[in-house]
4 protein chains.
Amino acid sequence: MNKNDISVPTETEASLPESAASNAKRRQILDGAEAIFLESGYEGASMSQIACRAGVSKGTLYNHFENKAALFGAVIEDLSRGKLAPFICQSQVTAITCEEAFVQLAERFITTLVQPGPQRLYRIVVSEAPHFPDLADTFWRHGFGRTVNTLAKWIEHWIEQGAIETDDPVFAAEQFMALCQTRIVQRKRFELPVDSSPEHVRWVARRIGHAFMAIYKPGSQTAEG
Amino acid sequence: MNKNDISVPTETEASLPESAASNAKRRQILDGAEAIFLESGYEGASMSQIACRAGVSKGTLYNHFENKAALFGAVIEDLSRGKLAPFICQSQVTAITCEEAFVQLAERFITTLVQPGPQRLYRIVVSEAPHFPDLADTFWRHGFGRTVNTLAKWIEHWIEQGAIETDDPVFAAEQFMALCQTRIVQRKRFELPVDSSPEHVRWVARRIGHAFMAIYKPGSQTAEG
Amino acid sequence: MNKNDISVPTETEASLPESAASNAKRRQILDGAEAIFLESGYEGASMSQIACRAGVSKGTLYNHFENKAALFGAVIEDLSRGKLAPFICQSQVTAITCEEAFVQLAERFITTLVQPGPQRLYRIVVSEAPHFPDLADTFWRHGFGRTVNTLAKWIEHWIEQGAIETDDPVFAAEQFMALCQTRIVQRKRFELPVDSSPEHVRWVARRIGHAFMAIYKPGSQTAEG
Amino acid sequence: MNKNDISVPTETEASLPESAASNAKRRQILDGAEAIFLESGYEGASMSQIACRAGVSKGTLYNHFENKAALFGAVIEDLSRGKLAPFICQSQVTAITCEEAFVQLAERFITTLVQPGPQRLYRIVVSEAPHFPDLADTFWRHGFGRTVNTLAKWIEHWIEQGAIETDDPVFAAEQFMALCQTRIVQRKRFELPVDSSPEHVRWVARRIGHAFMAIYKPGSQTAEG
DNA sequence: CATGAATGAGCGTTCATTCAT
DNA sequence: CATGAATGAACGCTCATTCAT
């Protein structure tokens, strides 16, 4: 494993095969449901639309999932696991210096987060979190939280290199991700007009990398309580 | 005006009185609608529930607002203007040093943002932004954006004092607000368990203040492109 | 009175003046209500629309008319009396021969009956007749029935002239009116495409006049039981 | 085929069976809807009433018909095709002389047209014709127009016999039908009191037959332009 | 297991009507 | 007498869910 590879091994899914045909239908339903839920939100989506988009009958939905809420839960888990995680984790960082490495990482994060899929997923998870207790937990474990953990380990690597200094790499990772949501990601979330060109993304990423280094480069933590 | 006062003058609302009774009913409806919309989201809220909570008949809703969407828009505007803005803006900072001032500010921001009202408003605005183009704009102008502007002016004050150095105070303000959403605010948004005690808030705020100073204290911007 | 004048003296309306202003408002309401009822039918019309078109408030409607049904009744009476009757009755026939006189009359009838106003009035009266017992009676007394009576008297005139022979001029009048509804009027009622040019109207009218004379010219009634 | 038989072969309906149960429900809904629409008109009928009368739930209505308008269209087509056409067309005329044949035909027409079903159908079609462009066309093709065509062919038969003389049998047919609407049918349409006893019907029919012969018997067309 | 018709509660909205001002 | 806000029943229609086939 390359020292710069921050990818995370995909969890070995138990994935008892049950029946190939059944799994195919389940996949078909999940695909349709993901499309509709992300477009319309939980309440805005209707089981009829989902059945239609998935190309199955409404009854089939209920053969595979107990009800709308259960289907929604499965959709979020599937998305968090399969769509979001790969986006964020499989990053091959090719930088030489530490700061440049974080700049590249910020660039990738921002680029990923402003895409429609992750944006929509973020929206729906945040908005339904109060009504589905398990949902945000799922999203966190497979998505954001996982990224934070990966990032924290990567930061530990740089600590070993002597390029970063902190006694709380997890907090540092969270802070880095918070910084990545400055301006572009933030405004996109509100559908406000914002320049999201690669050039602007890189410009913001550079400022983030610079800021992160300013905070955590060895010697800057002295004053901290 | 105290130099540390970052409050913003409330916009002189035209607020043509029309009729006292009519305005009272409008207020009554808005109050009921705010409660329901924040609880259930846009699609999840029903006009019947709103009428019930507001203590008026369903027909009355439609005498005051053209339809559900218009009522929702009015609710968001009212909340952004009346609930969020005061929370964020009317802060009397009593600090002596610059860093301590930003720590206090971070503390106030976090404390505000983790409260149920702002959390719910954030949720609904983010989730409905794609379906209501005007909505996020309203929220931004009266809420977040206004806070950013206020904060930027405050930062300019510290620049004049020689305590902060940057040529882009608005970006710095956005970065400060992004930092404030590390850990507690972020996790609360996902309804994840997190220590939001005043002590922990203060601890996070201190780290934010320290980080912000590390980024923007005079002399740290030299390496920046 | 010209022997060819088949107009009917307008009934001396009691029309107690009450108040000029009140009558003006009543007129205003009737005008608005007529427009809406004729456009949308009884059930399809709403009191709100009527109030809006009439330029008065909804409450005012109920100050002048007990309810929707009463307003509708007044509208039909007003239309039957004021719009339909004059159209049909005030005909100056300038013909020389009896047949040509009936041709001219048929021409006028057809021309009148295919116009939007009378068509709509016919539609609404026919369709609401079962639900408003008085309504069709009103329409008949002031509209169709009055025309039949006028026509019957006019036929009697021709009987005296020896140009027509029948012992039942009222039935003859009804038959003449039935004939006038052949083709053009009939098809217009179903909104079917039909040539309603003056030339075609005249062509049909000639056939009607000819047919009527064939039925009622002296000597043709001999075989009748 | 008897020369006096003016019946028309029922169109071979494709009537793909799809499923017996589905067609039965459709029939059940149409029956309920016909009853309600004919009683109350299009706007006056409510989908709830129809569901109730048909003995199904409201949702079922919408499984079988896209909306109220589509259901209404299907009702009119069904009535025009199934109820009106047979009434009018399947007439076995047993007359010997031509005039007596037309008297019998008039008698049947009048008898049919004064019955509640055809009366109500006429009312609703005439009143909704402006709002449903296809509707009157459907009614005409399956109902009135078909009758006119059948009648025209029958008239041609009498022309061949030398009993009738005209170069426009279709217009003659229309004229005959117009004559049939004298007095009884006309007044019934306005719900006016009128003697509709078989004796009176026969009396009117005799006058119509006599009139029709007077117009079209050989030799009477000479004066025509 | 897939289907799709059936359900009835509930949706957003409009209605005719009332009544305090 | 004019007004327009208030009402709640009813509107056309959609919903999540069930179940016989």
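Just so we're on the same page: letters track the sequence lines, and every chain starts at 1.
Sorted by first and then second residue, the pairs that involve residues 47-60 of chain B and meet salt bridge (Lys or Arg N to Asp or Glu O under 4.0 Å), not counting sequence neighbours, are Glu39(B)-Arg53(B). Residue pairs meeting the side chain to side chain donor-acceptor pair (under 3.5 Å) criterion with at least one member in residues 124-133 of chain A, sequence neighbours excluded, are Glu128(A)-His131(A). Residue pairs that meet the side chain to side chain donor-acceptor pair (under 3.5 Å) test with at least one member in residues 65-77 of chain A, sequence neighbours left out, are Glu77(A)-Arg81(A).
Protein atom CD1 of Ile29(A) is 12 Å distant from nucleotide atom C1' of dT3(E), rounded to whole Å. For the pair Arg26(D) CZ and dA6(E) P, the interatomic distance rounds to 13 Å; values are reported in whole Å. Spacing between atom CZ of Phe65(B) and atom P of dA6(F) amounts to 11 Å, rounded to whole angstrom units. Atom pair Gln28(C):CD and dC1(F):C1' shows a separation of 14 Å (rounding to whole Å applied). Atom CG in Asn23(B) sits about 12 Å away from atom P in dA5(F), given to the nearest Å. The CG atom of Leu61(B) sits 16 Å away from the C1' atom of dC15(E) (whole-angstrom rounding). Rounded to a whole Å, the CG atom of Asn63(B) is 14 Å from the C1' atom of dC19(E). Ile50(C) places its CD1 atom 13 Å from the C1' atom of dT17(E), with the value rounded to the nearest Å.
Distance from the side chain of Ser57(D) is smallest to dT7(E) among dT7(E), dT3(E), dC1(F). With dC1(E), dA6(E), dA6(F) as the choices, the nucleotide that has an atom nearest any side-chain atom of His64(A) turns out to be dC1(E). Taking every side-chain heavy atom of Val56(C) into account, dT3(F) is the closest of dT7(E), dA2(E), dT3(F).
Summarising the geometry of Ala136(A) relative to Phe190(B), their closest heavy-atom pair is CB-O, 2.7 Å, with the distance given to 0.1 Å. The shortest non-hydrogen separation linking Val75(B) to Ala33(B) is CG2-CB, 3.5 Å.
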Any protein N or O atoms within reach of nucleotides 9-12 of chain E? Criterion: under 3.5 Å, listing atom names and distances.
| unit_1 | atom_1 | unit_2 | atom_2 | d |
| --- | --- | --- | --- | --- |
| dG10(E) | O6 | Lys58(D) | NZ | 3.1 |
| dC11(E) | OP1 | Ser46(B) | OG | 3.3 |
| dG12(E) | OP1 | Ala45(B) | O | 3.1 |
| dG12(E) | OP1 | Lys68(B) | NZ | 2.7 |
| dG12(E) | OP2 | Met47(B) | N | 2.7 |

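Regarding contacts with the backbone of dT7(E), a side-chain N or O of Thr60(D) is found under 4.0 angstrom from either OP1 or OP2.
Side chain of Arg123(A) to backbone of Arg189(A): a donor-acceptor contact under 3.5 angstrom is found. Although no hydrogens or angles enter the test, the distance criterion places no donor-acceptor pair under 3.5 Å between the side chain of Glu191(A) and the main chain of Pro130(B).
Stretches of at least 3 consecutive Watson-Crick or G-U wobble pairs, with each checked distance under 3.5 Å, appear in DNA chain E as E:2-21 with F:2-21.
Under the 30°/60° scheme for interplanar angles, the aromatic rings of Tyr42(D) and Phe37(D) are found to lie parallel.
Listed by chain and residue number, Ser57(B) satisfy the side-chain hydrogen bond (donor to acceptor under 3.5 Å, both in side chains) test with Thr60(B) (two or more places apart in sequence, or in another chain).
In terms of position along DNA chain E, the nucleotide closest to Lys25(A) lies nearer the 5' end than the nucleotide closest to the other residue of the pair Glu66(B) and Lys25(A).
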